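Structure first, commentary second.
Residue numbers start at 1 and run along the sequence shown. Values below: every heavy atom of this structure, side chains too, minus hydrogens, waters and symmetry copies. Keep in mind that what you see is a predicted model, and the values were worked out from it rather than measured.
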Amino acid sequence: MNYIIKLGCVLILAFSTLNVLAEGVTFYPHSNPNLPFSTATQVGNIVYLSGQIGDKDGMLSSDMATQAHQVMLNIQAATKATGVTMADIFKCTVMIDDMAQWKAFSDIYITYFDKTTLPARSAFGADGLAMNAMFEVECMAYKAQ
């Protein structure tokens with residue numbers, strides 16, 4: 001019987017902790033309600049930006065540089081929507097459909113950040129990005145409260 005009471009207390013504590021965590025999450029809905037994700041979510045001081053592709057109004061250019069710039073412009077729009085800036089981004093993950101485009105993408109990517117405070121970054125090849133995009137970039141930013 002004592003075991004059951006202890007187990008019950010542990011479960012209550014666990015679920016109350018989960019509720020606290022759930023209450024501390026802020027969702028930033030996407031401007032297109034038909035998409036199955038938020039623009040970003042915030043937990044504490046960290047804003048997690050959903051992956052952005054290089055589409056504009058649902059259309060992808062077939063030009064690599066145009067898509068790369070649009071990815072970064074979409075990230076800028078997402079930061080603005082969440083109350084952070086590009087300077088607040090501390091980590092990005094880059095998914096590239098063709099790794100031969102890594103340098104060309106990187107040359108464009110770095111123009112959107114201060115060269116002395118570039119975010120930490122990972123990049124990997126990905127086969128089959130959404131909408132057949134060439135790139136997808138997701139970021140994390142620090143939001144002072």
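- Shortest non-hydrogen contact noted between H30 and F37 is CB-O, 3.5 Å.
- Atom CZ in F90 sits 10.0 Å away from atom SG in C139 (nearest 0.5 Å).
- The number of heavy atoms from other shown groups lying within 6.0 Å of NZ (K103) does not exceed 12.
- A continuous path of hydrophobic side-chain contacts links I110 to V71 [ILVMFWY only; heavy atoms under 4.5 Å].
- L35 and L73 sit in two unconnected hydrophobic clusters of ILVMFWY residues. Membership requires side-chain heavy atoms under 4.5 Å apart, directly or through other members.
- Atom CG of D98 is separated from atom CG of D127 by 10.5 Å, given to the nearest 0.5 angstrom.
- A donor-acceptor contact shorter than 3.5 Å links the side chain of N74 to the backbone of D55.
- Proximity of a side-chain donor or acceptor of Q42 to a complementary backbone N or O of G44 within less than 3.5 Å is detected.
- Under the 4.5 Å side-chain heavy-atom criterion for ILVMFWY residues, no single connected hydrophobic cluster contains both M99 and M95.
- To the nearest 0.5 Å, the span separating OH on Y142 from CD1 on I46 amounts to 7.0 Å.
- When every heavy atom of D97 is checked against every heavy atom of A133, the shortest pair comes out as CB-O, 3.8 Å.
- With rounding to the nearest 0.5 Å, the separation of CD1 in I53 from CD in Q67 is 7.5 Å.
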Inset, instruction - Quick one: do F113 and M72 satisfy side-chain contact (heavy atoms from CB on, under 4.5 Å)? Show the steps, please. - result: CA-CA 10 Å; F113 296 101; M72 299 311 295; 3.6 Å; yes
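- Although no hydrogens or angles enter the test, the distance criterion places a donor-acceptor pair under 3.5 Å between the side chain of D88 and the main chain of T85.
- Within the 4.5 Å cutoff, the side chain of Y28 has no heavy atoms near those of the S50 side chain.
- Closest non-hydrogen pair, S31 versus T39, comes out as N-OG1, 4.3 Å.
- Residue E136 holds its CD atom at 6.0 Å from CG of L129, rounded to the nearest 0.5 Å.
- Contact detail for V84 and A141: the closest heavy-atom pair is CG2-CB, 4.0 Å.
- In terms of heavy atoms, Q101 sits closest to M64 at OE1-CG, 3.2 Å.
- Residues M131 and I96 fall into different hydrophobic clusters, defined by Ile, Leu, Val, Met, Phe, Trp and Tyr side chains chained together at heavy-atom separations under 4.5 Å.
- Side-chain contact annotation: S61 with D63, donor-acceptor N/O pair under 3.5 Å absent.
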Inset, instruction - Check the pair V137, F105 against side-chain contact (heavy atoms from CB on, under 4.5 Å), reporting the backbone distance first and the verdict last. - result: CA-CA 11 Å; V137 180; F105 176 81; 3.6 Å; yes
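- Taken together through direct or relayed side-chain contacts under 4.5 Å among Ile, Leu, Val, Met, Phe, Trp and Tyr, V43 and V47 form parts of separate hydrophobic clusters.
- Of all non-hydrogen atoms in G83 and K143, the two that sit nearest each other are O-CE, 4.1 Å.
- Within 6.0 Å of atom CG in N132, 12 or fewer heavy atoms from other residues, nucleotides or ligands are found, so the atom counts as exposed in its surroundings.
- Annotation: side chain of V94 is in contact with side chain of R121 (closest heavy-atom distance under 4.5 Å).
- To the nearest 0.5 angstrom, M140 atom CE is 5.5 Å from K91 atom NZ.
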